[in-house]
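See structure below.
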There are 2 protein chains.
Amino acid sequence: MFITLDPISMAKDTQRRTEQRAALIAAAEAAIAGGGLGALKARDLAATLGCAVGAIYTLVADLDELVLLVGSRTLARLDAALAAADAGADGAGTDGTEAAVRRLEAVALAYARFAHAETALWRALFEFRMAPEKALPDWSVADQIGLFVHVDAPLAALLPGLDPERRGLLARSLFSAVHGILALGLEGKLVAVPQAHLEAQIALVVRAACRGLVAEQAEGPPS
Amino acid sequence: MFITLDPISMAKDTQRRTEQRAALIAAAEAAIAGGGLGALKARDLAATLGCAVGAIYTLVADLDELVLLVGSRTLARLDAALAAADAGADGAGTDGTEAAVRRLEAVALAYARFAHAETALWRALFEFRMAPEKALPDWSVADQIGLFVHVDAPLAALLPGLDPERRGLLARSLFSAVHGILALGLEGKLVAVPQAHLEAQIALVVRAACRGLVAEQAEGPPS
DNA sequence: CAGGGTTATGAACATCGTTCAAAAAAAGCT
DNA sequence: AGCTTTTTTTGAACGATGTTCATAACCCTG
């Protein structure tokens with residue numbers, strides 16, 4: 001999940017170079033955290049690093065790559081937060097279904113709190129779109145697919161009979177639904193849930209969806 | 001819902017000017033539809049309009065205002081599509097609950113189809129963020145709040161006992177949830193629902209949520 | 001057609017990301 | 001140490017971009 005440097009450049013990477021790269025990523029992270037993706041400027045980075053603009057392009061191919069590197073760090077923290085929430089979900093004194101619901105609710109709320117605490121960095125994960133011709137590097141795709149496991153696992157506990165493929169789709173749907181409530185809500189869009197009610201509404205929707213899904217499965221999966 | 005021109009400039013607006021403005025908006029719409037918000041460039045607009053760059057700024061204050069004007073048109077079409085879907089939802093031979101569920105499902109699917117058919121323009125509605133210091137013009141906020149009525153009305157039929165404030169929050173939550181599934185799905189993000197399954201998953205989630213909500217209300221609203 | 005107000009023009013400015021010839025630094029070598 | 005070769009860093013320069021504004025063109029009215 002952590003950033004692994006490209007082996008080709010790694011070979012001739014001195015200690016110094018690696019440190020500079022880390023400093024660059026840290027500066028970029030601070031810039032994005034402070035002012036969103038739009039605040040990531042080559043000249044500003046050079047100023048905080050105390051080097052010339054051109055130096056940046058010896059450490060990194062693009063500013064795009066830099067965004068991806070920062071995104072990788074953000075994803076790692078998010079992954080940890082979701083995993084902790086799932087592990088810490090308390091289902092004591094409840095049947096299996098209720099325990100599973102609580103796990104899903106805990107993961108959703110952890111996602112909400114992460115997004116709220118690190119809004120700018122979190123948003124950067126989704127605002128960013130690679131230029132259509134350039135493909136995402138492999139390490140970046142690996143980062144992202146790890147996320148939805150934290151929804152899929154509790155979902156397997158909730159709906160033991162569901163075949164894994166359908167479950168995968170459902171996990172993605174639930175993840176995206178919660179994401180949507182947060183994305184619009186934290187943006188202050190007018191169609192959105194006001195920030196004060198975000199966590200409560202997410203919990204409500206997650207519980208309702210779980211309940212409906214269990215009921216549907218109980219009477220036989222139609223489609 | 002339609003664009004009303006600013007009365008101040010309206011006073012001295014000739015026929016010709018209004019036409020140019022319309023042409024500008026049309027060109028901007030085409031540009032965004034073709035290449036997203038990033039493809040809206042002042043010089044390109046001037047080229048397609050056959051005028052100088054400076055002329056644009058006599059018709060419109062900013063490119064931001066232009067984005068808002070295009071957004072207003074998009075919202076009008078979206079509003080019409082959702083209204084039609086709600087009106088056309090067929091609940092024949094079903095009880096009231098099932099009829100309401102079908103209305104909500106129809107609205108959600110209409111949203112999905114609109115987003116799919118006009119992805120770039122639809123995305124522009126949400127990608128765009130006004131500079132923090134400048135406030136949204138009044139006509140733009142009026143456009144947006146009209147949207148969620150198409151969720152709120154069927155929801156009132158589904159849950160007659162729910163008080164309007166809570167219902168409003170729920171309508172916003174459901175809207176945002178469906179939006180999230182679409183937003184991630186149409187972007188091809190990795191945590192997202194694959195495009196081929198978008199409509200089916202949206203229908204599934206909407207139905208499950210409805211079912212869960214009705215069940216919860218039946219046994220008494222706790223919180 | 002002369003004068004005055006309105007509108008269009010496009011060169012100019014500031015700000016981006018990115019490049020690249022040249023300078024500086026480091027490393028190798030005798 | 002001194003010279004050569006390789007590597008790294010530099011920052012001016014390039015091409016886009018949104019926006020402005022003195023100037024020119026236009027249009028209407030008297």
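Every chain is numbered from 1 and lettered A, B, ... according to where its sequence line falls, protein lines coming before strand lines. It should be emphasised that the depicted structure is a prediction, and the values quoted were computed from it without experimental measurement.
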message = Between F175(B) and H150(B) (judged by ring centroids, cut-off 6.0 Å), do the two rings come close enough to count as a pair?
response = no
inquiry  = If the threshold is 4.0 Å, N to carboxylate O, is there a salt bridge linking R21(A) and E65(A)?
reply    = yes
request  = Answer yes or no: is there an ion pair linking R123(B) with E118(B), defined by an N-O contact shorter than 4.0 Å?
outcome  =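 No salt bridge links R123(B) with E118(B).
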message = Considering every strand and a 4.0 Å limit on heavy-atom distances, what is the contact class for T58(B): base, sugar-phosphate, or nothing?
response = sugar-phosphate
inquiry  = Which residues in residues 39-56 of chain A have a heavy atom closer than 4.0 Å to any atom of DNA chain C?
reply    =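 Per residue number, the list reads L40(A), K41(A), A42(A), R43(A).
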ask   = In Å and rounded to the nearest 0.5 Å, what is the CG to OH distance from L82(B) to Y111(B)?
value = 8.0 Å
Find the distance [X]:[atom1] to [N]:[atom2] and express it as a whole number of Å.
X	N	atom1	atom2	result
Y57(B)	dC21(D)	OH	C1'	13 Å
L59(B)	dT6(C)	CG	C1'	13 Å
E65(B)	dT19(D)	CD	P	11 Å
K134(B)	dT19(D)	NZ	C1'	11 Å
E19(B)	dA8(C)	CD	P	13 Å
L24(B)	dG18(D)	CG	P	13 Å

ask   = Starting at the 5' end of DNA chain D, which residue's closest nucleotide do you reach first, D62(B) or Q20(A)?
value =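 Upstream on the strand: Q20(A).
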query = Between R103(B) and A89(B), is there a donor-acceptor pair closer than 3.5 Å when you use the side chain of the first and the backbone of the second?
reply = no
inquiry  = Does dA8(C) have its OP1 or OP2 closer than 4.0 Å to a side-chain nitrogen or oxygen of R17(B)?
reply    =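 Yes, because at least one side-chain N or O of R17(B) sits under 4.0 Å from OP1 or OP2 of dA8(C).
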query = OP1 or OP2 of dC26(D) less than 4.0 angstrom from a side-chain nitrogen or oxygen of R16(B), does that happen here?
reply =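 No, no such contact exists.
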request  = Verify side-chain contact (heavy atoms from CB on, under 4.5 Å) between D64(A) and M130(A), making sure each step is shown before the conclusion.
outcome  = CA-CA 7 Å; D64(A) 283 4; M130(A) 204 61 165; 4.2 Å; yes
